[in-house]
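Each chain gets a letter, A, B and so on, in the order the sequences are listed, and its residues count up from 1. No hydrogens, no waters, no symmetry mates; every other heavy atom, side chains included, goes into these values.
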2 protein chains.
Amino acid sequence: MSSLDSSPHAVEGTGAVPGGEVAKQIPPAAVARLTIYLRALNTLLAEGVERVSSESLAEASGVSSSTLRKDLSYVGSYGTRGVGYEVQYLSRHISAALGLTHDWKVAIVGAGNLGKALARYGGFETRGFDVVAIFDADQMVVGNEVGWLRVSDVADLEAVLERTGANMVVLALPAAVAQAICDRVVAAGVHSILSFAPVMLQVPAGVNLRKVDMATELQILAYHAQRAQTPDHTA
Amino acid sequence: MSSLDSSPHAVEGTGAVPGGEVAKQIPPAAVARLTIYLRALNTLLAEGVERVSSESLAEASGVSSSTLRKDLSYVGSYGTRGVGYEVQYLSRHISAALGLTHDWKVAIVGAGNLGKALARYGGFETRGFDVVAIFDADQMVVGNEVGWLRVSDVADLEAVLERTGANMVVLALPAAVAQAICDRVVAAGVHSILSFAPVMLQVPAGVNLRKVDMATELQILAYHAQRAQTPDHTA
DNA sequence: CCATGTGAATCTATTCACAGCG
DNA sequence: CGCTGTGAATAGATTCACATGG
């Protein structure tokens, strides 16, 4: 767990510094939700909606309006009191705060069903993520087309990451090989990794690893379902 | 720095009944981590390890040992002071606390790459989840084999859910149709839903919905990567 | 007026530190 | 002893409530 904050404290309420952009840290829980607001805003934009209130954006995002307003306050003051938010304007500012102003180049390791699903998932390009490579170890799969990409041999991982300029990697491969590939990815200089492999990966400090695990999600559902089944008399 | 986040969704009735001894609720953050400990324990079991300390189980799970011990304390006292935990014994008790003692029957809606990836994901059966049906709307896909299942027509959703006794549903389908299918699933009496569709689904109270979204995960990585790039001036 | 933006209060989670037991 | 289990302390997130300004 890296606690790499050196800033004393996020002192809010300072007037907007003209011309100077001081990067203030946004609480992790707020960052996760900001991505959701962003999607809701883009949906509204596609529907031609121009203004939105905290109340209705909150409802569309599944949070309380006070949570939404607090989250937005970490980004800045981009609303109009008594009116609401301009959809496009707010969307732009959240994108900027999240670092989505330039495209990120994503490489996917593993061209099984999951890797292919990710490579073809249309939602990425429209959100600033560009899938630039997909790898597999199976020689029967190397060279196949996936979307508009050709599957590279994982043996060439370092070279292809270098050549394509990938700065994010998604691991969609079996647990058994995940750590080894992860180590190579880190050694190749990629510091942002999203893993779908059902294992705890060890990474050095400074590397950002996120993990998605379907079995975990189902187990959490199971816990709640089981509780709901117990004869729970309220009073 | 990996972060798991716990359920932002469906609320559930609180169970503090005065005078009655009811299963105590485990904090959501702890539930999420208990699934990880469970996997680590099962790995150890497969390796033939019989005992483990909080320190090493914590390391294998990527948490601090105090967090681990606190989490286990919500489940019960199953360790031996001065020694550690018996792997199999602890695993059993965590499983029981999470409601994994009986099998859950999972239906997958959407037989695209993602749906197929999930259906074939071997990790489920060994963890108490049994995939009993997979659906698609495309008549070219209906009837195809996926693993040992045959793809059902989503038109028969209610009938097949009923017949197979599915009590969990995974939505692996396009955003545009997700809400409509979700409504039908809920109406059919399934109260535990895991969605991979990139939209906010609205469900009635009492329904447990969890959401996994790759775009969100990448955006969170982007935020951290962007921050790491900024020249961190320590005043 | 009205909805935003924000301190203050509350609630939840994590960490500390040590008592208690094998 | 050593390591678990747990109250107490700290840190973080959410909610409340209202001052603020278009």
| field | Sub-4.0 Å heavy-atom contacts from residues 71-90 of chain B onto DNA chain C, ordered by number | value | B:Thr80, B:Arg81
| said: Using a 3.5 Å distance criterion without hydrogens, assess whether the side chain of B:Ser195 forms a donor-acceptor pair with backbone atoms of B:Ala197. | reply: yes
| message | In this structure, how many angstroms lie between the P atom of D:dT14 and the CG atom of A:Leu34, rounded? | response | 12 Å
| field | Results of side-chain contact (heavy atoms from CB on, under 4.5 Å) for B:Arg81 - residues two or more places apart only | value | none
| task | For DNA chain C, find the residues of residues 37-45 of chain A with a heavy-atom distance under 4.0 Å and give them by number; none if there aren't any. | result | none
| request: For B:Arg33 and C:dT14, give me the distance from atom CZ to atom C1', rounded to whole Å. | output: 8 Å
Pull out every protein N or O sitting under 3.5 Å from an N or O of nucleotides 16-18 of chain D, one pair per line with the distance.
unit_1: D:dA17; atom_1: N6; unit_2: A:Arg69; atom_2: NH2; d: 3.4

| field | Partner residues of B:Asn42 under the side chain to side chain donor-acceptor pair (under 3.5 Å) criterion, sequence neighbours left out | value | B:Ser91
| Under 4.0 angstrom between A:Ser53 side-chain N/O and C:dA3 OP1 or OP2 | no
| request: Rounded to the nearest angstrom, tell me the gap between atom CD1 in B:Ile26 and atom C1' in D:dT6. | output: 16 Å
| field | B:Tyr223 (side chain) donor-acceptor with A:Ile26 (main chain) under 3.5 angstrom | value | yes
| message | Within the 4.5 Å heavy-atom criterion, are A:Asn113 and B:Tyr121 side-chain neighbours or not? | response | no
| message | What contact category does A:Ser64 fall into here, base, sugar-phosphate, or nothing, at under 4.0 angstrom with non-hydrogen atoms? | response | sugar-phosphate
| remark: Between A:Glu217 and the options B:Thr35, B:Val170, B:Leu194, the side-chain contact (heavy atoms from CB on, under 4.5 Å) test singles out B:Leu194
| message | Suppose we screen for side chain to side chain donor-acceptor pair (under 3.5 Å). Which residues come up paired with B:Tyr89, at least two apart in sequence or across chains? | response | none
| said: Rounding to an integer number of Å, can you tell me how far B:Leu68 CG sits from C:dT15 P? | reply: 12 Å
| request: Report which part of the nucleic acid A:Arg51 touches: base, sugar-phosphate, or nothing (heavy-atom distance under 4.0 Å, all strands). | output: nothing
